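The structure appears right after this line, and notes come after that.
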Amino acid sequence: MATGKINVSVENIFPLIKKFLYSDHEIFLRELISNATDATLKLKHLTSIGEATVEYGNPIIEVKVDKDNKRIHIIDQGIGMTEEEVKKYINEVAFSGAEEFLDKYKDAGKDAGIIGHFGLGFYSAFMVAEKVEIISKSHKEEPAVHWTCDGSPEFTIEPSDKTERGTEIILHIAEDSTEFLEKSRIRELLVKYNKFMPIPIKFGTKTETLPKPEDAKEDDPAPTQEVDDIINNPNPAWTKQPADLEEADYKSFYRELYPMQFEEPLFHIHLNVDYPFNLTGILYFPKLTNDLSIQKDKIQLYQNQVFVTDNVEGIVPEFLTMLKGVIDSPDIPLNVSRSYLQADGAVKKISSYITRKVADKLSSLFKNNREDFEQKWNDIKVVIEYGMLSEDKFFEKADKFALYPTIDGNFYTFEELEAKIKDNQTDKDDKLVVLYASDKEAQHSYIEAAKKKGYEILLLDSPIVSHLMQKLETSKENLSFVRVDADHVDNLIKKEDTAISKLSDEEKDSLKADIEKVISDKGYTIQLEAMESSASPFIITEPEFMRRMKEMQRTGGGGMFGMGNMPDMYNLIVNTNHELVSEILNTKTAKKRERLINQSLDLARLSKGLLKGEELTNFIARSYEMIK
């Protein structure tokens, strides 16, 4: 038997491992199974090039929990280690067996899927174990070896009677980590981190029902058999070529990723690139709601089929974090900080590649089946609008396929919209005015007034539309978005011809004074306007600029204006050409005038959706009194 000291650069690395190297102790299992996978894939590569003369066969990795003896066993049928290799790779921590293997077999990383980049991965075992044993038999004709270490730099190494090729790791679980002796906990970790590892992973057995024999009676129970419980899918959809997959395969894989998700995805994007970096994956567009806060962290990041994280910020552009699916890249390190990822050159390239692929897919969907794209628009618009806001390159591409729905259910690209409304909706300053509503019901009367003018009205109701309009107005010339209730209809698109008021200036001043006296506590800015006599007598509007700044502030942004929590600001526009307004002016008694003004104002507020609570109750009671 030999004894020795592990060659590390500090006197005792184990407390460091336990405290600092990995923030999450549960990943010990991910690391050890990844090492077992590496050992198996190395053997596969060596047998394929004739350097290992053993039969590769159908190797598996087995995980066993021995609760009574407080042990976890991880057993592989891979390349194994000789005594010299154990001393080198396990004791000389500064070296990583994976990296040396990759150096020697330059093409193995791509062909064999060797994980690499693990370094100290094996030593994560000491986060949960007070003692670790390695029993290993190399594929070479050399004796098996048994290595033991109790969490100090001292180790023992001696011959073993193991006859089968491969390595067994035995963890003697520490008192503070007994949660990992529960089978349910280990299964949870295997499913979380190793669900798609490339080598089958056995965790116990399960009962499988077999088909009944042909001569069986109806009441006879179906025969059963005990089979290995393989917890992973070694060949997930993203590792295959798109040409080898049907639509049903993508949907089936989506259900595998999200077993509790009952809605089908709208469509998928298969990522597959090997230059200038390696990246595979499948992204799904789910049906999205307007609530941006609940969508994120649904994309899973893998490194060579090993789960790394579902916090992909910095790797996937932020606007795409609302998608679902998988990204797998050997070029993304496993254990690094978020700030490192954001500064890493390869990661930045990956981010811009994904943006481009998503834009290309959306563009082809739009071109190839516009009708289907229009039907899906409301379910995907938040992602596209968010992308147009946050990524200039995406904006350039999306500007060709982003849709602008009208209140009548038609869809236009911006170019089509511009051509349609240019003649009727260009104001006297040669500016194109795009009218829109955000709520068909609440803004119904304003919509109807604009329709009578022959105006086209968009329905823009996503939570970030205020930001998007701001972006469009700054990126295109002579363009203005105006909500239909921002002003009375004649002022929405200012033309040269203005209506003549029936009231003289003196009458206007008198009328304004009367109205101000009655509604002085309501906080409205009163504007007297000459409109068509058929237009409403009182109209309440909310200035576009102030309302939009307020909306932008609610969804992040608008802070540059330093407005704090901005108050609601409304204009009361009085139509001087309406007969009711003339009646208010000419009423002899102050009481009747006050009643007419209050009733007219409340009708305007009702139309705007501002009349609520006690005021609405009083208005209804007053209205009944008037019609008695």
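Everything quoted here is computed from the prediction, not taken from an experiment.
No donor-acceptor pair under 3.5 Å is formed between the side chain of S363 and the backbone N or O of A359. Without hydrogens or angle criteria, D372 side chain to N369 main chain gives no donor-acceptor distance under 3.5 Å. In this structure, the side chain of R30 does not engage the main chain of N194 through any donor-acceptor pair within 3.5 Å. Checking side-chain atoms of S390 against main-chain N and O of Y386 turns up a donor-acceptor pair under 3.5 Å. Looking at Q305, its side chain does come within 3.5 Å of a backbone N or O of P234 through a donor-acceptor pair. Between the side chain of T321 and the backbone N or O of P317, no donor-acceptor pair lies under 3.5 Å. Of the possible polar contacts, none joining the N304 side chain to the S329 backbone as a donor-acceptor pair under 3.5 Å is found. Formation of a donor-acceptor pair under 3.5 Å by the N368 side chain with backbone atoms of S364 is found in this model. Of the possible polar contacts, none joining the D228 side chain to the I230 backbone as a donor-acceptor pair under 3.5 Å is found. The backbone N or O of A248 lies less than 3.5 Å from no partner atom in the side chain of S252, so there is not a single donor-acceptor pair.
L181 and V65 get closest at one heavy-atom pair: O-CG1, 3.2 Å. Of all the heavy atoms in S136 and T167, the pair that sits closest is OG-OG1, 2.8 Å. Counting all heavy atoms, side chain and backbone alike, K381 lies closest to S462 at CE-CB, 4.1 Å. Nearest approach of R165 to L43, heavy atoms of both residues: NE-CD2, 3.2 Å. Listed here is the closest heavy atom pair of V86 and M81: CG2-CB, 3.7 Å. The minimum heavy-atom distance linking A398 with I384 is given by the pair CB-CG2, 4.3 Å.
Here the CD1 atom belonging to I457 is positioned 4.0 Å from the CD1 atom belonging to I407, to the nearest 0.5 angstrom. Rounding to the nearest 0.5 Å places CD of E385 at 11.5 Å from NE2 of H467. With rounding to the nearest 0.5 angstrom, the CG atom of L283 is 11.0 Å from the NZ atom of K361. Here T280 contributes atom OG1 and H270 contributes atom NE2; the two are 7.0 Å apart, rounded to the nearest 0.5 Å. Rounding to the nearest 0.5 Å gives a distance of 8.5 Å between OG1 of T37 and CG of N232. In this structure, CD on E391 lies 8.5 Å from OG on S352, to the nearest 0.5 angstrom.
Scored by the ring pair (Phe, Tyr, Trp, His ring centres under 6.0 Å) test, F481 finds no partners at all (sequence neighbours excluded). With sequence neighbours excluded, no residue forms a ring pair (Phe, Tyr, Trp, His ring centres under 6.0 Å) with Y412.
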Practice problem: Kindly determine whether Y258 and Y254 satisfy ring pair (Phe, Tyr, Trp, His ring centres under 6.0 Å), including the steps that lead there. | Solution: CA-CA 6 Å; Y258 309 104; Y254 183 77; 5.2 Å; yes
Quiz prompt | E182 and R187: CA distance, side-chain angles, deciding distance, salt bridge (charged side-chain N to carboxylate O under 4.0 Å, His left out) verdict | solution = CA-CA 9 Å; E182 300 298 331; R187 176 176 288 278; over 6 Å; no
Quiz item: Given the rule in the side-chain contact (heavy atoms from CB on, under 4.5 Å) test, do I61 and I75 qualify, once you have shown the distances and angles that lead to the verdict?
Solution: CA-CA 6 Å; I61 295 164; I75 306 155; over 6 Å; no
Practice problem: Test I354 against I327 for side-chain contact (heavy atoms from CB on, under 4.5 Å), laying out the working first. | Solution: CA-CA 10 Å; I354 292 170; I327 291 168; 3.6 Å; yes
Quiz prompt | Stepwise salt bridge (charged side-chain N to carboxylate O under 4.0 Å, His left out) test for K476 and D399 | solution = CA-CA 11 Å; K476 296 179 186 294; D399 199 30; 2.8 Å; yes
Quiz item: E226 and T207: side chain to side chain donor-acceptor pair (under 3.5 Å), yes or no, with the steps?
Solution: CA-CA 5 Å; E226 285 296 300; T207 305; 2.4 Å; yes
Practice problem: Please lay out, stage by stage, how E26 and R185 fare under the test salt bridge (charged side-chain N to carboxylate O under 4.0 Å, His left out). | Solution: CA-CA 10 Å; E26 68 178 34; R185 181 75 170 113; 3.1 Å; yes
Practice problem: Test E85 against K140 for salt bridge (charged side-chain N to carboxylate O under 4.0 Å, His left out), laying out the working first. | Solution: CA-CA 11 Å; E85 286 166 340; K140 300 169 187 171; 3.1 Å; yes
Practice problem: Would you check, one step at a time, whether the test side-chain contact (heavy atoms from CB on, under 4.5 Å) holds for F414 with L479? | Solution: CA-CA 11 Å; F414 189 83; L479 173 67; 3.6 Å; yes
Quiz prompt | Residues R356, K397; criterion side-chain contact (heavy atoms from CB on, under 4.5 Å); working and verdict | solution = CA-CA 9 Å; R356 193 175 76 246; K397 287 177 177 272; 4.0 Å; yes
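Under 3.5 Å, the side chains of H73 and E62 contain no donor-acceptor pair of N or O atoms. There is a side-chain donor-acceptor pair under 3.5 Å between R483 and S438.
Using the six-membered ring where Trp is involved, F180 and F28 have ring planes that are perpendicular, over 60° apart on the 30 and 60° scheme. Classified by interplanar angle (parallel below 30°, tilted 30° to 60°, perpendicular above 60°), the ring pair F122/F126 is perpendicular.
Ring-centre distance between F411 and Y404: not below the 6.0 Å cut-off. Checked against a 6.0 Å centroid threshold, the rings of F253 and F196 count as neighbours.
Contact annotation: the side chain of L403 approaches that of R370 to within less than 4.5 Å [non-hydrogen atoms, C-beta and beyond]. A 4.5 Å side-chain heavy-atom check between V306 and Y193 finds every atom pair outside the cut-off. Annotation: side chain of Y56 is not in contact with side chain of L46 (no heavy-atom distance under 4.5 Å). You'll find the side chain of I269 reaches within 4.5 Å of the side chain of L271, heavy atoms only. Considering only heavy atoms from C-beta on, N272 stays 4.5 Å or farther from W238 through its side chain. At least one side-chain heavy atom of Q77 sits under 4.5 Å from a side-chain heavy atom of I60. When side chains are defined from C-beta on, K195 does not count as touching N233, because their heavy atoms never get closer than 4.5 Å. Using a 4.5 Å heavy-atom cutoff, the side chains of V326 and I299 are not in contact.
Seen from the ring of F395, K471 counts as a face-on cation partner, given the 6.0 Å and 45° thresholds.
Residue-environment remark: CG (D408) exceeds the threshold of 12 foreign heavy atoms within 6.0 Å. For E415, the CD atom sits in a loose shell: 12 or fewer heavy atoms of surrounding residues, nucleotides or ligands are nearer than 6.0 Å.
Between F366 and the choices W377, F267, F373, the ring pair (Phe, Tyr, Trp, His ring centres under 6.0 Å) rule is met once, by F373.
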